[in-house]
Amino acid sequence: MVDLAAAPADLLLTGGPITTIDATRRTAEALAVRGGRIAAIGQARDLRALVGPRTRVIDLGGRMVLPGFQDAHIHPTHGGLGRLRCGLNDVTGGAEAVVGHIREYADAHPDLPWILGSGWYMADFPGGTPSRELLDRILPDRPAFLTNRDGHGAWVNSRALELAGIDRDTSDPEHGRIERTPDGEPQGTLHEGSMDLVQRILPPTTPDEMERALREAQAYLHSLGITAWQDAWIEEGDDGAYLTLAERGELTARVVGALWWDRNGGLEQVEALIARRDRGAVGRYATTSVKLMLDGVCENFTAAMLEPYLGADGRPSDNAGFDFIDPALLAEAVTRLDAAGMQPHFHCIGDRAVRNALDSVEAARRANGWSDTRPHIAHIQLIHPDDLPRFRALRVVANAQPYWACHEAQMDDLTIPFLGPERTGWQYPYASLRRAGAQLAMGSDWAVSTADPLLEMEVAVRRVSDEDRDAPPFLPEERLDLAEALEAFTIGSAFVNHLDDRTGSLEVGKQADLIVLDRDLFASDAGPIGDARVLLTLIEGETVFEDPAIG
Ligand SMILES: [Zn+2]
């Protein structure tokens, strides 16, 4: 099978397991790369013939080779800015530690007019709503605006509220809520659309900052083995950063951008979105997808539910969340986008949002017939059992963010009590989706959650948080096996990005987008999946990340 007359390989990885994720789930011993493509896969002794004087040979010594990970829902510019600004994602130790970290950051940046940051965790604060007083103590004069880990709420101090003109007389905007103290004063947390009241007075992020953020994010994601992604929220500034890097040849990742659908607008935006797609790909960047955000999140009762949330007394409330996009408008928008060959990328948390998304694809299928736009629904926290078979029937990809599928404070204290037992059991139903024949893809939603695919896959496989590995699993019947999780994070996400013909599995002729881990994840002594490390990341045969430990 190896053409001995062929030119020598540029790289030979040998002593594998080479986990191909091809249709037969084959594992091989060795893989050769030539001219950016996979030249051969097979037995070590056969591929030795491809070693020439300039071939780099890496002895794997049992360490695993995989296709590069592809993240089907991620926010790299946001995550990169978070790494450049006051990043709170990794702060542990509760509210005091978070405030201490903000104080340190503010002290280290005395010239910044605003303290901007992200990544605080709702469960660190009573009711998930940190107060302005906590910030006022350390920032009495400088305004602060800090978004939480999921980006659906912001924490501000009194100075920021004052500059934004928010006081007890300010009414809640249509898609948001100003958290208030019992006497009606703004409390310091802004939910959903009410964040705009402050966001619109923030100093604008400069193009230079956006480019630095994207470069920072890209290097970080390559170090985690990520070779391609779908950016789930492209606005003007993100687009500019991608185009600049792509034009300079600095964009090494393959990126599909999902253009943001303005949920306050209507069908008039369809033409503009198509026009932006039609400018074509620049380097490895193309904007062929449209992000439609259909609802909020459960923790603040803005996810769209088929039945109302339960109140604190355990009885149905009168709130079933919001439809961010009217279902009739949505069906028409998706039909038109699909007809133009654009991919719908939905954000759906609640079961009503999922149903609205599926209904809109059904309308598009009825009007347009089968298209190859590969609609996908991200997050899929709550799926009504009646809707599980519709993913396969309508060819809608289930785009899972598995890191959330475990018992942790946000789930146990802020979600389960307000869903009740039946709906609690409908959450993140990955195994049920598989059984129903759905195509699965995976992503992180970074900077909402960790960007590390290995940590995310650990939760998909165990349904236990890596931060509390002895906790009971959350709905263990919905666990995936490791091979299924790897498939979703490689070929599954490649399918979403229309990259599966070139990447996503290790097959001769495909592009050499691949990674080497520090261990074989299938070995009996591998330890927790999330403890594994990436040692080498290649895109089209080029090294974009290398740990000296690769040897
Ligand atoms: Zn997202």
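Here the structure is a predicted model, which means the values were calculated and not measured. Each ligand, and each atom within it, is numbered from 1 in the order the structure gives.
- Ion pair E209/R85 flagged as a salt bridge, since at least one NZ, NE, NH1 or NH2 atom sits closer than 4.0 Å to an Asp/Glu carboxylate oxygen.
- Around the Zn ion (ligand 1), the protein atoms of type N, O or S found under 2.8 Å away are H73 NE2, H75 NE2, D445 OD1, listed by chain and number.
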Could you tabulate the donor-acceptor pairs under 3.5 Å formed by side-chain atoms of residues 120-129, not counting sequence neighbours?
unit_1: W120; atom_1: NE1; unit_2: L146; atom_2: O; d: 2.7
unit_1: W120; atom_1: NE1; unit_2: T147; atom_2: O; d: 3.3
unit_1: Y121; atom_1: OH; unit_2: E408; atom_2: OE1; d: 2.5
unit_1: T129; atom_1: OG1; unit_2: P126; atom_2: O; d: 3.4

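- Taking A532 as the reference, L454, D518, R519, L521 meet the side-chain contact (heavy atoms from CB on, under 4.5 Å) condition, with sequence neighbours excluded.
- Note on R352 versus D359: no salt bridge recorded, every NZ/NE/NH1/NH2 to OD/OE distance being 4.0 Å or above.
- Listed by first and then second residue, the ring-ring contact (aromatic ring centres under 6.0 Å, His included) pairs that reach into residues 189-225 are Y220-W446, sequence neighbours excluded.
- The existence of a salt bridge linking D372 and R374 is confirmed by a sub-4.0 Å separation between a basic side-chain nitrogen and an acidic carboxylate oxygen.
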